[in-house]
K.L.:
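Please see the structure below; I have some questions.
We number each residue from 1, following the sequence as shown.
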Amino acid sequence: MIIPDTFLTVREELLLFFGAVLLGCGMELLFDIFRAVRLIIPHKAAAAAIEDIVFIVLWAGCIICFTTAFAKGDFRVFYIAGSILGFVLWRLLLGNPFVRLLSRILSAVLCFLKWIISPISKPCMRMYEKCTRKFVKNAKIQKKSKNIWSALLIAPQKMLYNIFNKEGERGRKKRGTEKKDK
């Protein structure tokens with residue numbers, strides 16, 4: 001009897017399941033890095049949604065690579081189940097303490113980078129503030145001058161000439177009723 005190449009024994013399936021659990025643990029580790037960055041750097045909802053989409057795409061890519069590399073390209077549902085189980089196990093056992101530790105480390109690195117960059121950034125910020133103050137001041141002056149010039153212009157409703165026609169009647173001449181001068 002010839003056994004096809006795609007046939008997996010129970011031992012191989014169990015090893016693949018545990019490999020998928022380890023993959024899920026690794027993916028939770030990557031997600032913890034995303035969480036720590038979110039704690040340190042404030043994000044808007046759209047940026048967090050984009051990060052989540054990127055994470056899901058990475059997870060799908062890792063599942064495909066896992067299937068290709070270890071399971072002879074044969075996809076099984078228990079790979080996803082194992083990776084979700086590994087994700088949840090890491091999250092429950094080590095996730096929160098790891099995120100706290102990682103956020104402390106990343107905030108220390110960020111403070112160090114701010115300290116290094118501050119001699120360069122402070123003069124740039126002063127120049128930026130001066131430019132914005134000058135811009136705002138010029139914009140206010142321009143708005144005032146526009147208002148002054150528009151007030152000086154005579155509104156069409158207040159013009160006194162061309163209100164009366166030649167006969168002394170108010171309004172325009174009607175067509176066909178003009179007297180022809182000879």
K.L.:
On the 0 to 90° scale, with breaks at 30° and 60°, tag the Phe75-Tyr79 ring pair as parallel, tilted or perpendicular.
P.N.:
perpendicular
K.L.:
Decide yes or no for Leu106 and Leu110: does some side-chain heavy atom of the first lie under 4.5 Å from some side-chain heavy atom of the second?
P.N.:
no
K.L.:
Mind checking the CG-CG spacing from Leu102 to Leu29? Nearest 0.5 Å is all I need.
P.N.:
8.5 Å
K.L.:
Heavy atoms, side chains only, cut-off 4.5 Å: are Ile41 and His43 in contact?
P.N.:
yes
K.L.:
Answer yes or no: are there more than 12 heavy-atom neighbours, outside Phe70 itself, under 6.0 Å from its atom CZ?
P.N.:
no
K.L.:
For the residue pair Leu39 and Ser103, what are the closest heavy atoms and their distance?
P.N.:
CD1-CB, 4.3 Å
K.L.:
In terms of side-chain geometry, is the basic nitrogen of Arg35 or Glu28 positioned less than 4.0 Å from the acidic oxygen of its partner?
P.N.:
yes
K.L.:
State plainly whether one hydrophobic cluster holds both Phe18 and Leu89, where clusters connect Ile, Leu, Val, Met, Phe, Trp and Tyr through side-chain heavy atoms under 4.5 angstrom apart.
P.N.:
yes
K.L.:
Do Phe31 and Asp52 come within less than 4.5 Å of each other through their side chains, counting heavy atoms only?
P.N.:
yes
K.L.:
Please check if Phe78 and Leu23 belong to a single hydrophobic cluster, counting links between Ile, Leu, Val, Met, Phe, Trp and Tyr side chain heavy atoms closer than 4.5 Å.
P.N.:
yes
K.L.:
Indicate the atoms forming the closest heavy-atom contact of Met27 with Cys62, along with that distance.
P.N.:
SD-SG, 3.7 Å
K.L.:
Which heavy atom in Gly86 sits nearest to a heavy atom in Cys25, and how many Å separate them?
P.N.:
O-SG, 3.5 Å
K.L.:
Taking the side chain as C-beta and beyond, is there a heavy-atom pair between Asp74 and Thr67 under 4.5 Å?
P.N.:
no
K.L.:
Does one hydrophobic cluster hold both Phe34 and Ile63, with members joined at side-chain heavy-atom distances below 4.5 Å?
P.N.:
yes
K.L.:
Any carboxylate oxygen within less than 4.0 angstrom of a Lys/Arg side-chain nitrogen, looking at Arg38 and Asp32?
P.N.:
no
K.L.:
Are Trp59 and Leu30 packed together at the side-chain level, in the sense that at least one heavy-atom pair is separated by less than 4.5 angstrom?
P.N.:
no
K.L.:
Look at the side-chain heavy atoms of Ile, Leu, Val, Met, Phe, Trp and Tyr, link any pair under 4.5 Å apart, and say whether Phe66 and Ile64 land in one connected group.
P.N.:
no
K.L.:
Determine, using the 4.5 Å side-chain heavy-atom cutoff (strictly less than), whether Ile84 and Leu14 are members of one ILVMFWY cluster.
P.N.:
yes
K.L.:
May I have the step-by-step check of side chain to side chain contact (heavy atoms under 4.5 Å, CB included) for Val54 and Leu58, ending in yes or no?
P.N.:
CA-CA 6 Å; Val54 166; Leu58 284 173; 4.2 Å; yes
K.L.:
Shortest non-hydrogen contact from Ala71 to Leu16?
P.N.:
CB-CD1, 3.9 Å
K.L.:
Parallel, tilted or perpendicular: which describes the rings of Phe55 and Phe87, with under 30° parallel and over 60° perpendicular?
P.N.:
tilted
